[in-house]
**Student:** 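One structure, as structure tokens, below. Some questions next.
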Amino acid sequence: MKTTDELLLTTPWFPTLTQELQDQVRQNVSLRDVAPDGYVCRRGEPSHCWFGVVDGLIKVCNTSSEGRIMTFAGLPPGAWFGEGTVLKGDRWHYDAIALRASLVACLPSALFFRLLDESIIFNRFVLEHVNERLGQLMAMVQSDRLTEPALRVANCLLAMFNPRLYPLGKTEIPLTQEEIGYLSGITRQKVNLAVRQMEALGLLSVSYGRVMVTDLHGLRRFATRTP
DNA sequence: TCATTAAATTGTT
DNA sequence: AACAATTTAATGA
């Protein structure tokens, strides 16, 4: 199991902080184990923390009154989320649920604000982070209107392997086809066909319980091609 | 270390 | 949604 320090050292902004701020972070960040299907945060609850995914996989989603689930993002290890809500001092507008056993780092909002006040590089990180999310959202709105399952899966994978948002991101993240289905909003059967189709194109390789992207650029081209 | 079994994941209908 | 086939992980000799 990873430690707080291990996560922090692989976080791009942490080593850039002053010694004093680093100590503050060390003292105030807490780790939380989340069981599969467990909540990291629920819609309507006040936000106390900025969250970082240490291990596992978190799904950010909302369940409408009719029970329809919409997924906004899948967050692999290395992802931080919730800055928007924390910044507004607002309540969560969405649920964050663990797709499998996960470990989440909680950075109290008071400290989050202090980092914003005192570190320019930290501001920069958050700004780029938000910017990248915006880009992802735009891509998602597009892919949402596409009926082609392979394109939806491709977009979903591109989001997960985004090296800007998830610098830890390797080209291989353990991800079952069922989980991809939850994240991209299509059935596992269609995911199965889609990933194999893309594997045949040499864009990725699938094996038991994992998908490895072998050609990130090719996958980008595939996702943005005009049919 | 190897064989057996259970659980998880995949492939098909 | 259900089923069979396959892969992995766990167990114990």
Side-chain angles (χ1 to χ4, degrees), chain A residues 1-3 6-7 10 31-40 51-79 81 95-105 136 139-140 143-163 165-166 168-216 218-223 225 227:
Chain A
M1 196 55 84
K2 290 180 189 165
T3 64
E6 237 179 294
L7 167 76
T10 52
L31 288 178
R32 244 175 71 195
D33 269 310
V34 187
D37 295 322
Y39 284 82
V40 177
F51 292 116
V53 181
V54 183
D55 219 352
L57 185 64
I58 305 296
K59 172 180 71 167
V60 175
C61 63
N62 254 337
T63 312
S64 72
S65 45
E66 303 95 44
R68 173 125 189 107
I69 294 171
M70 35 178 20
T71 300
F72 300 118
L75 305 173
F81 69 99
D95 296 325
I97 301 173
L99 281 180
R100 55 168 178 266
S102 302
L103 188 61
V104 176
Q136 244 182 45
M140 241 182 69
S143 100
D144 207 48
R145 320 219 155 151
L146 300 173
T147 46
E148 188 70 37
L151 290 180
R152 302 191 54 146
V153 171
N155 269 295
C156 169
L157 291 178
L158 283 173
M160 298 281 289
F161 291 98
N162 183 332
L165 277 179
Y166 319 124
L168 291 186
K170 307 150 192 66
T171 50
E172 186 178 30
I173 296 177
L175 200 58
T176 67
Q177 296 180 11
E178 192 175 25
E179 288 167 339
I180 296 176
Y182 288 137
L183 296 177
S184 55
I186 62 183
T187 65
R188 186 172 66 73
Q189 288 90 330
K190 303 226 177 215
V191 171
N192 185 260
L193 295 173
V195 291
R196 279 161 42 187
Q197 182 185 336
M198 289 187 279
E199 183 178 41
L201 293 173
L203 301 174
L204 47 85
S205 73
V206 296
S207 56
Y208 189 87
R210 53 186 39 119
V211 171
M212 175 161 61
V213 175
T214 52
D215 182 359
L216 194 55
L219 192 61
R220 281 208 191 94
R221 260 183 279 118
F222 178 80
R225 89 200 146 123

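So that the names make sense, note that chain A is the first sequence line, chain B the second, and so on, each numbered from 1.
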**Student:** Quick check: closest heavy atoms across Met198(A) and Leu219(A), and the distance to 0.1 Å?
**Tutor:** SD-CD1, 3.9 Å
**Student:** Other residues, nucleotides and ligands only: do more than 12 of their heavy atoms fall within 6.0 Å of CZ on Phe222(A)?
**Tutor:** yes
**Student:** Tell me the interatomic distance from Arg188(A), atom CZ, to dT9(B), atom P, rounded to whole angstroms.
**Tutor:** 10 Å
**Student:** Atom OH of Tyr208(A) to atom P of dT9(B): distance rounded to whole Å?
**Tutor:**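 One finds 6 Å between P of dT9(B) and OH of Tyr208(A), rounded.
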**Student:** For Glu178(A) and dA2(C), give me the distance from atom CD to atom C1', rounded to whole Å.
**Tutor:** 14 Å
**Student:** Could you tell me how far apart Arg100(A) (CZ) and dA9(C) (P) are, to the nearest whole angstrom?
**Tutor:** 13 Å
**Student:** Rounded to whole angstroms, how far apart are CD on Gln177(A) and P on dA8(B)?
**Tutor:** 17 Å
**Student:** What's the CD1-P distance between Ile180(A) and dT10(B), to the nearest Å?
**Tutor:**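 Those two atoms, CD1 and P, are 8 Å apart.
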**Student:** Between CG of Asp95(A) and CD1 of Ile58(A), what distance do you get to the nearest 0.5 Å?
**Tutor:**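 Output value for this atom pair is 12.0 Å.
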**Student:** Send over the distance from Leu175(A) CG to dT10(B) P, rounded to a whole Å.
**Tutor:** 9 Å
**Student:** Calculate the interatomic distance between Asn192(A) atom CG and dA5(C) atom C1'; express it in whole Å.
**Tutor:** 13 Å
**Student:** Which pair of heavy atoms, one from Val153(A) and one from Ser184(A), lies closest together, and at what distance?
**Tutor:**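 Minimum heavy-atom separation between Val153(A) and Ser184(A): CG2-OG, 4.1 Å.
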